[in-house]
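Report on the following structure.
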Amino acid sequence: MEVRTTINTSSAFFGHFINGEWITDQNTIPVVNKYTYEEISRIGSASRKTVTEAVTNALHTFQTKKLDSNQRYEILMRAAEIVRERKEELAMILVSEVGKVLKDARGEIDRGIQTLITSAEEAKRIAGNGVPLGQPGNENKMAYTIRVPVGVIGAITPFNFPFNLTLHKVAPAIAAGNTVVLKPAEVTPLIVCKITEILSEAGLPAGFLNVVNGRGQETGQYLLEDERIAMYTFTGSAAVGRQIKSKTGIRKVTLELGNNSPNIIHKDVSDIDRAADLCITRGFSNAGQACISVQRVYVHRDIYHSFVAKAIKVAESLKIGDPADSATDIGPMISEKEARRAEEWIQEAVHQGAKVIYGGERQGAILKPTILVDVTEKMKVVCEEVFAPVISIIPFDQIEEAFEQANHSAFGLQAGLFTSDLHLAMRATRELHFGGVIINDVSTYRADVMPYGGVKDSGIGKEGPHFAIQEMTDEKLVVINL
């Protein structure tokens, strides 16, 4: 039975947030510390009735309440200030419920602040275009377009960057004038509930953001089945993205999905030490749990052995362990189940002929960063998204071979290339079939203002506040007969 009540949001329980109030229910899901396995909270498990109520409220709010662009700007800017004031508290939530190391958690909070600020700024810049009507017979007509909010947005967010990636959906949606029904990942919901608290404190009126907690196969499915939702925005696996696309019909979707990011190190790289350092640290950061983590590294044979030696040296310098320790570089994966799955992929690759030259051991949810060589393109650690601290280093002789192997993937989010040859760099931008090609940096590079999105099984649409707002608004034509 559902009970409407006022809940102290600093308590150990979060239900669902609908029309500015927290709702409890009898069905709950535990949230655990990913390093100690201690239960730290419980969240609600939304029923179909709760999801329906959330959508109903979001739709009613969209139809009856309006915030002008300056109000949206002020709310998001105030939220950024509150986040800045509460940075350490929020970072520690990420350390606990995600297993993110403290320095990375602080970095994610900083990025979230910038996502809020950029979204606030974009709220004042939403505009259409003039349309020239120069054909005969249109002399007394003028035309232009405006951009209008789509309505209710269903947002489903992931566990790996639950603060910043949630803000990449919620902040542009609010900036564009939409309302939101948000379902966070059930393993990392607490930081999202804190975002809800902060936006309310910043002045966001009731109804603009509604949160339904629960498991994806239940609560997420209820959200997908509600045809009143005008657009869905999702970050997660390609398999779930494909399911969402099959359910949404002609409604808008933005899907930010997986990758098995290739990074090419050509023989003319200007600084091989920097390339090795970036590949290893960015491949293993966040325990390898990022869509654009370095996974496949193609190295020209002339510098292959030197690169491998340097990669091992960098890996040896990384500290593994308690994510709350500010000196720790790599903490646990999201669960022991996922760590065990990655360990099995490594063992399968070894059985098929690969060699582990560093790491490979697992203790609970902590998988020691692993470097593989002698891999083939048919091994899971190469052809699928490993989403773990596992990197394969592969030699090549000709750059055409490296491009071909990089492109030989169902995914196409981002790729990296290190070279001193400007012509080769420009060629790569044309020939590498990815949503982003990063020159002289790794695939993991992302600035929160840039257009971010992939091709093939890596998704549809773009994120980054300006580009997300384009997705979250419809262009409407206006013609005036003078």
Side-chain angles (χ1 to χ4, degrees), residues 258-267 269 272 275-316 318 330 333 338-339 341-362 367-399 401-418 432 434 438 442-444 457-458:
N259 200 32
N260 53 359
S261 304
N263 291 263
I264 300 169
I265 319 298
H266 200 38
K267 62 182 177 182
V269 58
I272 190 173
D277 181 75
L278 284 171
C279 284
I280 297 304
T281 57
R282 298 299 184 268
F284 294 154
S285 64
N286 208 48
Q289 298 168 123
C291 298
I292 46 178
S293 287
V294 175
Q295 181 173 330
R296 298 179 285 156
V297 182
Y298 298 97
V299 183
H300 193 280
R301 200 175 298 276
D302 288 357
I303 59 171
Y304 175 77
H305 293 294
S306 175
F307 183 92
V308 167
K310 294 176 185 298
I312 294 172
K313 187 175 180 180
V314 174
E316 289 172 340
L318 300 174
I330 301 165
M333 291 180 62
E338 281 301 301
R341 187 265 311 163
E343 179 187 38
E344 290 171 356
W345 284 20
I346 293 167
Q347 293 171 348
E348 180 182 283
V350 170
H351 180 72
Q352 294 170 343
K355 292 181 182 178
V356 176
I357 60 171
Y358 184 80
E361 302 90 8
R362 180 185 64 83
L367 178 66
K368 186 175 181 180
T370 302
I371 302 174
L372 295 166
V373 297
D374 295 343
V375 297
T376 67
E377 62 182 20
K378 293 184 178 181
M379 294 176 181
K380 288 179 183 176
V381 292
V382 175
C383 68
E384 297 187 26
E385 181 182 34
V386 67
F387 220 66
V390 180
I391 291 173
S392 296
I393 305 178
I394 305 160
F396 70 89
D397 295 300
Q398 301 296 327
I399 195 64
E401 173 190 353
F403 284 2
E404 181 181 357
Q405 290 186 60
N407 285 332
H408 187 65
S409 170
F411 300 108
L413 187 48
Q414 290 194 171
L417 168 67
F418 289 81
L432 290 175
F434 292 82
I438 315 299
V442 286
S443 58
T444 316
D457 281 359
S458 288

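- Rounded to the nearest 0.5 angstrom, His300 NE2 and Gln398 CD are separated by 6.0 Å.
- Side-chain contact check for Ser443 versus Val294: some heavy-atom pair is nearer than 4.5 Å.
- For Lys368, the side-chain contact (heavy atoms from CB on, under 4.5 Å) partners at least two apart in sequence or on another chain are Ile320, Tyr358, Glu361.
- The shortest distance between side-chain heavy atoms of Pro389 and Met333 falls below 4.5 Å.
- Here the CD1-CD1 distance, from Ile312 to Ile357, works out to 4.0 Å after rounding to the nearest 0.5 Å.
- Lys313 pairs by the salt bridge (Lys or Arg N to Asp or Glu O under 4.0 Å) definition with nothing, not counting sequence neighbours.
- Shown here for Ile346 and Val381, the closest heavy-atom pair between the two residues is N-CG1, 4.3 Å.
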| task | Please step through side chain to side chain contact (heavy atoms under 4.5 Å, CB included) for the pair Ile399 and Ile264, ending with a clear verdict. | result | CA-CA 9 Å; Ile399 195 64; Ile264 300 169; 3.9 Å; yes

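- Between Ala311 and Ala276, the shortest heavy-atom distance links the atoms N-CB, 4.3 Å.
- Not a single side-chain hydrogen bond (donor to acceptor under 3.5 Å, both in side chains) links Thr444 to another residue, sequence neighbours left out.
- Considering CG of Leu367 and CD of Glu343, their distance stands at 7.0 Å, rounded to 0.5 Å.
- For the pair Val269 and Ala275, the tightest heavy-atom approach, listed with the atom from each and the gap, is CG2-CB, 4.2 Å.
- Here Asn263 contributes atom CG and Ile393 contributes atom CD1; the two are 11.0 Å apart, rounded to the nearest 0.5 Å.
- Taking the side chain as every heavy atom from C-beta outward, Ser392 and Met379 never approach each other to under 4.5 Å.
- Remark: Asp374 engages Lys355 in a salt bridge (Lys or Arg N to Asp or Glu O under 4.0 Å) (not counting sequence neighbours).
- Minimum heavy-atom separation, Thr370 to Gly360: OG1-N, 2.9 Å.
- Under the 3.5 Å distance criterion, the side-chain polar atoms of Gln295 are left unmatched by any main-chain donor or acceptor of Ser261.
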Donor-acceptor list for residues 282-292 side chains, cut-off 3.5 Å, not counting sequence neighbours:
residue : atom : partner : partner atom : Å
Ser285  : OG   : Arg282  : O            : 3.4
Asn286  : OD1  : Lys100  : NZ           : 2.7
Asn286  : ND2  : Asn160  : O            : 3.4
Asn286  : ND2  : Gln289  : O            : 2.9
Gln289  : OE1  : Ile334  : N            : 2.9
Gln289  : NE2  : Asn286  : O            : 3.2

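- Within the 4.5 Å cutoff, the side chain of Val308 has no heavy atoms near those of the Ile371 side chain.
- By the side-chain hydrogen bond (donor to acceptor under 3.5 Å, both in side chains) test, Asp457 pairs with Arg242, sequence neighbours left out.
- Checked against the 6.0 Å centroid threshold, His266 and Phe418 do not count as a close aromatic pair.
- In this structure, the side-chain contact (heavy atoms from CB on, under 4.5 Å) partners of Gln405, at least two apart in sequence or on a different chain, are Tyr298, Ile394, Glu401.
- Not counting sequence neighbours, the partners of Glu348 by the salt bridge (Lys or Arg N to Asp or Glu O under 4.0 Å) test are Lys380.
- Between Trp345 and Val386 the shortest side-chain heavy-atom distance falls below 4.5 Å.
- For the residue pair Ser306 and Ile272, the shortest heavy atom distance occurs at OG-CD1, 4.0 Å.
- Every salt bridge (Lys or Arg N to Asp or Glu O under 4.0 Å) that Asp397 has, sequence neighbours left out, goes to Arg301.
- The OG atom of Ser458 lies 8.0 Å from the CG atom of Asn260; values are rounded to the nearest 0.5 Å.
- Atom CZ of Phe434 and atom CZ of Phe411 lie 10.5 Å apart (nearest 0.5 Å).
- Under the rule for a side-chain contact (heavy atoms from CB on, under 4.5 Å), Glu404 has no partner lying at least two apart in sequence or in another chain.
- Closest of all the heavy-atom pairs between Arg296 and Val382 is CD-O, 3.5 Å.
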